[in-house]
2 protein chains.
Amino acid sequence: MSLPHAILTALLEKPSSGLELTRRFDKSIGYFWSATHQQIYRELGRLEQAGHIRALPAPVPVRGQRKEYEVLPAGRAELSDWVARPEDPKPMRSALLLRMRAAAMVGASGLRAELERHLALHREQLEEYLAIEDRDFPAERRRAEPDRLRHLVLRGGIDLERFWVEWLTGALAELDRGE
Amino acid sequence: MSLPHAILTALLEKPSSGLELTRRFDKSIGYFWSATHQQIYRELGRLEQAGHIRALPAPVPVRGQRKEYEVLPAGRAELSDWVARPEDPKPMRSALLLRMRAAAMVGASGLRAELERHLALHREQLEEYLAIEDRDFPAERRRAEPDRLRHLVLRGGIDLERFWVEWLTGALAELDRGE
DNA sequence: TGGGTCATGTAAACTGTTACATGATTCA
DNA sequence: TGAATCATGTAACAGTTTACATGACCCA
């Protein structure tokens, strides 16, 4: 139940239309809370209904025409509440780990290639995050809290990709030891 | 779309009834592919329809009466295919990271407590995994492939919990630096 | 015999995914 | 003017979650 809050956050960062939001999800917030444009439009409708956001006044609302949204005070209040709301971490879901467990029962043929493919993908993602860090959080300097928090989040992404790269490397080595 | 394969794997490890499966999900396969008993019963029905599993012959099938399933050759073949089927990792989803990003916009009050709570939960989970490792994969000895694969999977869970413990510890320290 | 637990299930609401539809704008 | 692209949406379905319903079995 976090999509509306992801959208509120994105809109506070910068008022946007549905399509702009979709694009920003593809390369920012979406790194840890992804959504398709259909989900986003549906949720924008609900948030507007709820009085949490509003469309900037347009002369005549027409389908197909750009509609820009901004957060209303009620929306900001809801987001602020949500930040302090406790919520347990969801158990992880990894189809890859599940595959390995299945492989223990039916044989590991084809598994090696998949591990290598994932390793390459995680390396790519890591590079992408590091490029963003270079661009958005340069050098050592005292930063304001918003920037420090955003940087912490990005660091989470970076460290997690590093974790997978290392774990997959180790798993491949371990697979080799036995064959 | 991995729940049926999680169930096939669990049933190959040991034929079971729906409730037994639910319990084993709660403390084994469910660590990386969780499911409720409702999902499991529905999926058992589908797998039986598809001819991938069968209920052990019972005199008269009655609601409320234990029904044990086992995997049929077709089910094993399907699982074997699936293991080699490529599938990209899903983008991660972390409500906690999203909260931090939201906190950058509306203020971080209440966030510290939530980070600490998550840190404690991840420490607990780590302990649980380590206990399982002690129990199921003792000492240094040459092991057969199935065991080595299962151990790799558990290692993944352990390392991931360690990752979160370290990251959360660092994030808390970093939060303190500025207040 | 009646309450607790084991066990299997149904129903509804919500979230996420995939495919498609429609109008507006731009520019060759 | 017609093709490409921008932009907003609808519809149908699959997966997940939550609440509830029903029957069997055990044992005090």
Side-chain angles (χ1 to χ4, degrees), chain A residues 1-8 10-11 15-26 29-30 32-50 53-56 58-69 82 87-95 98, chain B residues 1-8 10-11 15-26 29-30 32-50 53-56 58-69 82 87-95 98:
Chain A
M1 232 287 287
S2 298
L3 180 56
H5 305 102
I7 291 177
L8 286 172
L11 285 181
S16 309
S17 70
L19 194 59
E20 273 168 15
L21 275 179
T22 303
R23 288 194 180 124
R24 286 169 53 210
F25 265 69
D26 283 346
I29 293 225
F32 45 87
W33 205 276
S34 62
T36 62
H37 85 268
Q38 292 88 339
Q39 278 178 281
I40 288 173
Y41 282 115
R42 182 169 44 181
E43 205 58 47
L44 283 171
R46 287 177 191 167
L47 285 166
E48 193 177 18
Q49 279 290 315
I53 63 174
R54 66 161 186 176
L56 294 194
V60 181
V62 193
R63 180 183 179 139
Q65 208 154 40
R66 194 188 133 85
K67 221 159 73 179
E68 187 154 355
Y69 291 93
W82 178 79
E87 183 181 342
D88 286 355
K90 290 242 171 111
M92 81 161 145
R93 278 199 165 181
S94 165
L98 186 57
Chain B
M1 236 285 289
S2 297
L3 179 56
H5 305 102
I7 291 177
L8 286 172
L11 286 181
S16 309
S17 68
L19 195 59
E20 274 168 13
L21 273 180
T22 303
R23 287 192 181 127
R24 287 170 52 211
F25 266 69
D26 283 345
I29 292 228
F32 44 90
W33 204 276
S34 62
T36 61
H37 83 268
Q38 292 88 340
Q39 279 177 282
I40 287 172
Y41 282 116
R42 179 171 34 167
E43 205 59 48
L44 283 171
R46 287 178 191 166
L47 285 166
E48 192 177 17
Q49 278 292 314
I53 63 175
R54 66 161 188 178
L56 294 193
V60 180
V62 193
R63 180 183 178 137
Q65 208 153 40
R66 194 188 133 84
K67 221 159 70 178
E68 185 154 356
Y69 292 93
W82 178 78
E87 182 181 343
D88 285 355
K90 290 241 172 112
M92 80 162 146
R93 277 201 167 180
S94 166
L98 187 56

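Keep in mind the model is a prediction, meaning the values are calculated, not measured. Sequence lines set the chain letters: A, B, ... in the order given, protein chains first and strands last, and positions in each chain run from 1.
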Before giving the answer on side-chain contact (heavy atoms from CB on, under 4.5 Å), spell out for B:Ile53 and B:Ile7 the whole-Å C-alpha distance, their side-chain angles and the decisive distance to 0.1 Å. CA-CA 10 Å; B:Ile53 63 175; B:Ile7 291 177; 5.6 Å; no
Interatomic distance, [X] [atom1] vs [N] [atom2] [rounded to whole Å]:
X: B:Tyr41; N: D:dG23; atom1: OH; atom2: C1'; result: 12 Å
X: B:Leu47; N: C:dT8; atom1: CG; atom2: C1'; result: 16 Å
X: B:Gln49; N: C:dG9; atom1: CD; atom2: P; result: 12 Å
X: A:Glu48; N: D:dT8; atom1: CD; atom2: C1'; result: 13 Å
X: B:Arg66; N: D:dG23; atom1: CZ; atom2: C1'; result: 16 Å
X: B:Ile7; N: C:dT8; atom1: CD1; atom2: P; result: 13 Å
X: B:Leu44; N: C:dA7; atom1: CG; atom2: P; result: 14 Å
X: B:Leu56; N: C:dT8; atom1: CG; atom2: P; result: 12 Å

List in chain and number order the residues that pass salt bridge (Lys or Arg N to Asp or Glu O under 4.0 Å) with A:Glu68, two or more places apart in sequence or in another chain; answer none if no residue qualifies. A:Arg66
Working note: A:Glu20 + A:Arg23, criterion salt bridge (Lys or Arg N to Asp or Glu O under 4.0 Å); need CA distance, chi angles, decisive distance, verdict. CA-CA 5 Å; A:Glu20 273 168 15; A:Arg23 288 194 180 124; over 6 Å; no
side-chain contact (heavy atoms from CB on, under 4.5 Å) between A:Ile29 and A:Leu21: does it pass, once the steps are laid out? CA-CA 10 Å; A:Ile29 293 225; A:Leu21 275 179; over 6 Å; no
Quick check: does any side chain N or O of A:Gln39 sit under 3.5 Å from a backbone N or O of A:Thr36, one acting as donor and the other as acceptor? yes
State which residues pass side chain to side chain donor-acceptor pair (under 3.5 Å) with B:Arg54; sequence neighbours excluded, sorted by chain then number. B:Glu70
Detail all sub-3.5 Å separations between protein N/O atoms and N/O atoms belonging to nucleotides 15-20 of chain D.
| residue | atom | partner | partner atom | Å |
| --- | --- | --- | --- | --- |
| D:dT16 | OP1 | A:Arg93 | NH1 | 2.3 |
| D:dT16 | OP2 | B:Gln39 | NE2 | 3.0 |
| D:dA19 | N6 | B:Gln38 | NE2 | 2.6 |

Under a 4.5 Å cut-off applied to non-hydrogen side-chain atoms, are A:Arg24 and A:Ser16 in contact? yes
Does B:Phe25 have any ring-ring contact (aromatic ring centres under 6.0 Å, His included) partners at least two apart in sequence or in another chain, and if so, which? none
Mind checking what makes ring-ring contact (aromatic ring centres under 6.0 Å, His included) contact with A:Trp82, not counting sequence neighbours? A:His5
Pairs under 3.5 Å (N/O, protein and nucleotides 22-26 of chain C):
| residue | atom | partner | partner atom | Å |
| --- | --- | --- | --- | --- |
| C:dG23 | N2 | A:Gly64 | O | 3.2 |
| C:dA24 | O3' | A:Gln65 | NE2 | 3.3 |
| C:dT25 | OP1 | A:Gln65 | NE2 | 2.9 |

